[in-house]
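Okay, so here's the structure we're looking at.
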Amino acid sequence: STLFPYTTLFRSSYPDFVGDPDKEPGKFQQWLDKLRIRPWNSNLHPSFRIDLISAKELFVAKDYNHLLGLPGFSDELLTNHFKLYEGYVKNANKLRAKPKEARQFEWEYDGMRLHELYFDAMNRAPKQSTKVVKAITKQFGSYDKWLTDFKKVGKTRGPGWVILYQDKDKLYNCWIAEHATGHLTGATPLLVMDCWEHAYITDYGIDRDKYMDAFFKVIDWGVVDSRM
């Protein structure tokens, strides 16, 4: 049987569907009909959906082609990066129903979500911050002091990510090794920077400093503010 975890992922009290939608189309259709009358769309992450025809895919790759032409990032680099992100989505779908592969699923899932947080906050015409920079200045003394610390974390050896986390009224710059190690449980990721070599090596070689400078020129702080 196939379990579609509606309760877990969509925070609904409605029971999960257990069965094979292809062999039990009537039963599955009844389940979908009941979902349609519930206000469930407001709970969905943009990359979550239920395919009402076959329900074969749960995670759907977002289209980031609007970022092509981004200053400081060649189309070659971005196109290859989008393909890598789509690979995480594909693998997360393959592994989500395999309990024995839970650890690998978590790795693929984190890779998928982190890329979305990263790309979502990039823009060719970025907006300025109102809330986050104000909070940064209050805690770190100045934006420049925070930026120095954030980039210092970004120089950590090895593949990973830098995340500006918010926990209540406190902010933290954290290094995430690969995709999964170092997250602050319960904290909110505000700004996410990819520090895997594939994020910059095409354009900047191994010069991560120049990549970070380019990244900060295209951050859409309006999106970052919205996460606060």
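Using a 4.5 Å cut-off on side-chain heavy atoms (C-beta onward), T188 and L190 make contact. Between H183 and I176 the shortest side-chain heavy-atom distance falls below 4.5 Å. The shortest distance between side-chain heavy atoms of T202 and H81 does not fall below 4.5 Å. Side-chain contact between L77 and I201: absent, with no pair of heavy atoms (C-beta onward) separated by less than 4.5 Å. Inter-residue side-chain proximity for P159 and E197 is flagged as unmet; no heavy-atom pair is nearer than 4.5 Å. Contact check for R208 versus K155: no side-chain heavy atoms found under the 4.5 Å cut-off. The shortest distance between side-chain heavy atoms of H198 and N80 does not fall below 4.5 Å. For the pair N173/F140, a side-chain contact is recorded, criterion being any heavy-atom separation below 4.5 Å from C-beta on.
When W161, Y118, Y204 are each tested for a ring pair (Phe, Tyr, Trp, His ring centres under 6.0 Å) with F215, only one passes: Y118.
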Exercise. Going through the distances and angles, do F73 and M122 end up as a side chain to side chain contact (heavy atoms under 4.5 Å, CB included)?
Worked result: CA-CA 11 Å; F73 295 80; M122 299 171 78; 4.0 Å; yes
For this session: Evaluate the salt bridge (Lys or Arg N to Asp or Glu O under 4.0 Å) criterion for residues K83 and E86: first the C-alpha distance (whole Å), next the side-chain angles of each, then the deciding distance (0.1 Å), finally the verdict.
Result: CA-CA 5 Å; K83 289 179 181 177; E86 291 164 4; over 6 Å; no
Exercise. Are K210 and D203 close enough, and set up right, to give a salt bridge (Lys or Arg N to Asp or Glu O under 4.0 Å), and what steps lead you there?
Worked result: CA-CA 10 Å; K210 287 186 178 180; D203 293 346; over 6 Å; no
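For H179 and W196, the gap between ring centers is short of 6.0 Å. Here Y109 and F59 bring their ring centres to under 6.0 angstrom of each other.
The aromatic rings of F150 and W146 lie tilted to each other, with the angle between the two planes from 30° to 60°. Relative orientation of the F82 and F119 rings is perpendicular, given thresholds of 30° and 60° on the angle between their planes.
Both L191 and Y143 are members of a single hydrophobic cluster when ILVMFWY side chains are connected at heavy-atom separations under 4.5 Å. Linking Ile, Leu, Val, Met, Phe, Trp and Tyr whenever their side-chain heavy atoms come within less than 4.5 Å leaves L84 and V192 in two separate clusters. L70 and V223 are assigned to two separate hydrophobic clusters, defined by single-linkage of ILVMFWY side chains at heavy-atom distances under 4.5 Å.
Contact between M193 and G154 at its shortest, heavy atoms only, is CE-CA, 4.3 Å. Of all non-hydrogen atoms in Y211 and A199, the two that sit nearest each other are CE1-O, 3.6 Å. Listed here is the closest heavy atom pair of A214 and G72: CB-O, 4.2 Å. Here the closest non-hydrogen pair linking D75 and G69 is OD1-N, 2.8 Å. Across P189 and L117, no two heavy atoms sit closer than the pair CG-CD1, 3.9 Å. Nearest approach of C174 to G182, heavy atoms of both residues: CB-O, 4.4 Å.
A donor-acceptor pair under 3.5 Å is formed between the side chain of Q139 and the backbone N or O of L171. Judged purely by atom type and a 3.5 angstrom limit, T79 has no side-chain atom pairing as donor or acceptor with the backbone of E76. Here the side chain of D149 pairs no donor or acceptor atom with the backbone of K145 at under 3.5 angstrom. Under the 3.5 Å distance criterion, the side-chain polar atoms of R124 are matched with a main-chain donor or acceptor of L68.
The distance from atom CD1 of I219 to atom NZ of K127, rounded to the nearest 0.5 Å, is 15.5 Å. Here the CG atom belonging to N123 is positioned 7.5 Å from the CG atom belonging to L67, to the nearest 0.5 angstrom. Atoms CG and NZ, from L184 and K170 in turn, are 14.5 Å apart once rounded to the nearest 0.5 Å. Summarising the geometry, atom NZ belonging to K134 is positioned 11.5 Å from atom CG belonging to D225; distances are rounded to the nearest 0.5 Å. Here the straight-line distance linking atom CD1 of I136 with atom NZ of K131 works out to 13.0 Å at 0.5 Å rounding. Separating the CE atom in M212 from the CG atom in D207 is a distance of 8.5 Å, to the nearest 0.5 Å.
No side-chain N or O of Y64 forms a donor-acceptor pair with one of H115 less than 3.5 Å apart.
The pair D120-K62 counts as a salt bridge, with a side-chain nitrogen and a carboxylate oxygen less than 4.0 angstrom apart.
For the pair K151 and F216, the distance from NZ or CZ to the six-membered ring centre is under 6.0 Å and the angle to the ring normal is within 45 degrees.
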